[in-house]
Structure formats: structure tokens, C-alpha cells
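Below is one structure, written out as C-alpha cells; the observations come after it.
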Amino acid sequence: MRIAVLGTGVVGRTIATRLAGLGHQVGMGSRTADNATAAAWVQQTGAGSTHGTFAEVVGDAELVFNCTSGAGSLDAVRGVGAGNLAGKVLVDVANPLDHSHGMPPTLLVCNTDSLAEQLQRELPETKVVKALNTMSALVMVEPGRVPGQHDVFLCGDDDAAKAMVGEILRSFGWPDRSIVDLGQISAARGPEMYLALWLRLYGALGTGDFNIGVAHR
Ligand SMILES: NC(=O)c1ccc[n+]([C@@H]2O[C@H](COP(=O)([O-])OP(=O)(O)OC[C@H]3O[C@@H](n4cnc5c(N)ncnc54)[C@H](OP(=O)(O)O)[C@@H]3O)[C@@H](O)[C@H]2O)c1
């Protein structure tokens, strides 16, 4: 599949590398065409990988991952243009963290709205699916790093888009029973607000190799 990954940070690089390893053609996007991190990633990854501006890598991609900073995500997709993202599935992995008041960061949007909903409103013809934002980058693409049964959440308004993202998650190693569909895109408020707890758990446990496992009968 042709996949665009918007973002050159640890999440963008980790997801892009995993997707390329699975045989997908991956383009890594940045604000600038000559981003050194993206260029180095292409050099390392080799055939089938490309890099460019956010708009360039979206091009004819069938699937797009938003791995930009939460504060920059709306600007990133505005740079691509709603028309260029129309009809595509956008997996939103970002968290709307506000680092301007020091540590720990707070949320730029919460409670009655979410970043995923803002993106969906900005891109009415795009199928936004929130997924993977509740864990560290390495756990996203290699769930076996965390022992035992644990879960990944997804939500969005389009069932076919969620099915497509579910396939990608299975290819990352997530078993069916661990992929929990929370419903419509408004359900993204919960996984985004979980960040307040994730950050404290990270401090308490001293590792990013942990995740939520929902016990139920
Ligand atoms: N780190 C984790 O383990 C983790 C886990 C779960 C979710 N997340 C979320 O995943 C996202 C990516 O995290 P990260 O740590 O990999 O990287 P990050 O440092 O949060 O974001 C880096 C990317 O954001 C772009 N960016 C920054 N400011 C921008 C702006 N004003 N307009 C447009 N684009 C902008 C950068 O563009 P350039 O390439 O041009 O510099 C870069 O590609 C974040 O939303 C984060 O909250 C992170």
C-alpha cells in the first residue's frame, strides 16, 4: 500500500520504519522538502521509501498517518489541503499537548472536544480514525514488548476506514481481541485525556513499555 507518514519525530520514524518493513511504500513528510531527519530515514530504509513536504508525500497515498506534534497538527493538514486529503483515511496518532506552561504538559483541547474531532471538522471529506496515541512509539508497532494482554483503542465515524486501520494494527502484531473500537470520532476525547495519566505512569514506572489492559468478562 502507498502510505504517507506526516512527522519526522520518534513516532513518525517508528511507524514509517515498521510499515516499510512490512513491504509498504512509505513517504515521510515534514514542513520542509529537505528535512535532514527524513532524508536520513530514506537513506537507511532504501527502496520504496521517499520524503518530502507534508503535501508531497500525501500525493497518491491511500492511507495517511498524522504523527505531527498536536499543537502543529491542524497547520500540518491545512498545509496539505482538505482537497488533497479528501477520500483518504487519516490515522491520528497525535496528542494535543501544551508544553507552554512547563511540565507536565496540559491539553490544548479536551473534555468537550478533541484534536481528532478538530481534524475531522477541518477535513470533512477525510475519514479520520484515532488510534495508537495511548502508548509509546515502540509499543505501537511491537505490542509484544509489553507482557500479557493489553489493548489498543480506535474510533472514527467510518466503519470501512476503521476496518482498514484494524488490518494495519493486526499487521503490527495486535491480536483481534486487543483492538477495541470505541465508536464515533467523539470517543477520541477519552484516549486523548488519558495522557494526563500516561505521563504520571511514565514517571512512576520509569519506562515507556507499559499499556492499558482492560479486564472484563
Ligand atoms: N513520543 C511518543 O512515544 C508518543 C506516543 C503517543 C503519541 N505521541 C504523539 O505523536 C505525535 C508525534 O510525536 P513525536 O514525539 O514523534 O514528535 P513531535 O516532536 O511531537 O512532532 C514532530 C513533528 O511535528 C511537526 N511539527 C512541529 N510543529 C509543527 C507545526 N507548528 N506545524 C506543522 N508541523 C509541526 C514536525 O515537523 P518537521 O518535520 O518539519 O520538524 C515533526 O514532523 C505527537 O502528537 C505526540 O503527542 C507521541
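Ligands are counted one by one from 1 in listed order, and the atoms in each one are counted from 1 as well. Every heavy atom of this structure was used, including side-chain atoms; hydrogens, water molecules and symmetry mates were not.
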> At their closest point, which heavy atom of E192 faces which heavy atom of P96, and how far apart are they?
Replying inline: OE1-CG, 3.5 Å
> Looking at V165, L63, L123, V129, which hits side chain to side chain contact (heavy atoms under 4.5 Å, CB included) with L90?
Replying inline: L123
> Out of V11, V91, T14, L19, which residue meets the side chain to side chain contact (heavy atoms under 4.5 Å, CB included) rule with V5?
Replying inline: L19
[X] N/O under 3.5 Å from ligand 1 N/O:
{"X": "V10", "answer": "yes"}
{"X": "G70", "answer": "yes"}
{"X": "T8", "answer": "yes"}
{"X": "R31", "answer": "yes"}

Would you mind writing out the side-chain donor-acceptor pairs for residues 21-29 within the sub-3.5 Å range, not counting sequence neighbours?
{"from": "H24", "atom 1": "ND1", "to": "M1", "atom 2": "N", "distance (Å)": "3.2"}

> Should V214 and V180 count as side-chain neighbours, where that means a heavy-atom distance under 4.5 Å?
Replying inline: no
> Under 4.0 Å from ligand 1, counting heavy atoms only, is it the side chain of N35, its backbone, both or neither?
Replying inline: side chain
> How does C67 reach ligand 1, by side chain, by backbone, by both or by neither, if only non-hydrogen atoms under 4.0 Å count?
Replying inline: backbone
>> Between E122 and R78, does any NZ, NE, NH1 or NH2 come within less than 4.0 Å of an OD or OE carboxylate oxygen?
In response: yes
> Between R189 and E117, does at least one N-O distance fall below 4.0 Å, as a salt bridge requires?
Replying inline: yes
Closest by any non-hydrogen atom to [atom]: pick that one out of [options].
{"atom": "atom 33 (C) of ligand 1", "options": "P105, S69, G72", "value": "G72"}
{"atom": "atom 45 (O) of ligand 1", "options": "T68, V77, L195", "value": "T68"}
{"atom": "atom 7 (C) of ligand 1", "options": "T32, L115, N95", "value": "N95"}

What residue and atom, counting heavy atoms only, is the protein's closest point to [atom], and at what distance?
{"atom": "atom 2 (C) of ligand 1", "answer": "V11 CG2, 3.5 Å"}
{"atom": "atom 3 (O) of ligand 1", "answer": "A137 N, 3.2 Å"}
{"atom": "atom 5 (C) of ligand 1", "answer": "M135 O, 3.1 Å"}

> With atoms numbered from 1 as shown, which atoms in ligand 1 lie under 4.0 angstrom from a non-hydrogen atom of G7?
Replying inline: 43 (O)
> Which atoms of ligand 1 are found less than 4.0 Å from any heavy atom of S136?
Replying inline: 3 (O)
> Taking only residues at least two apart or on different chains, which pairs with a member in residues 129-167 satisfy ring pair (Phe, Tyr, Trp, His ring centres under 6.0 Å)?
Replying inline: H150-W174
>> Among all the protein's heavy atoms, is there at least one whose distance to atom 47 (O) of ligand 1 comes out below 4.0 Å?
In response: yes
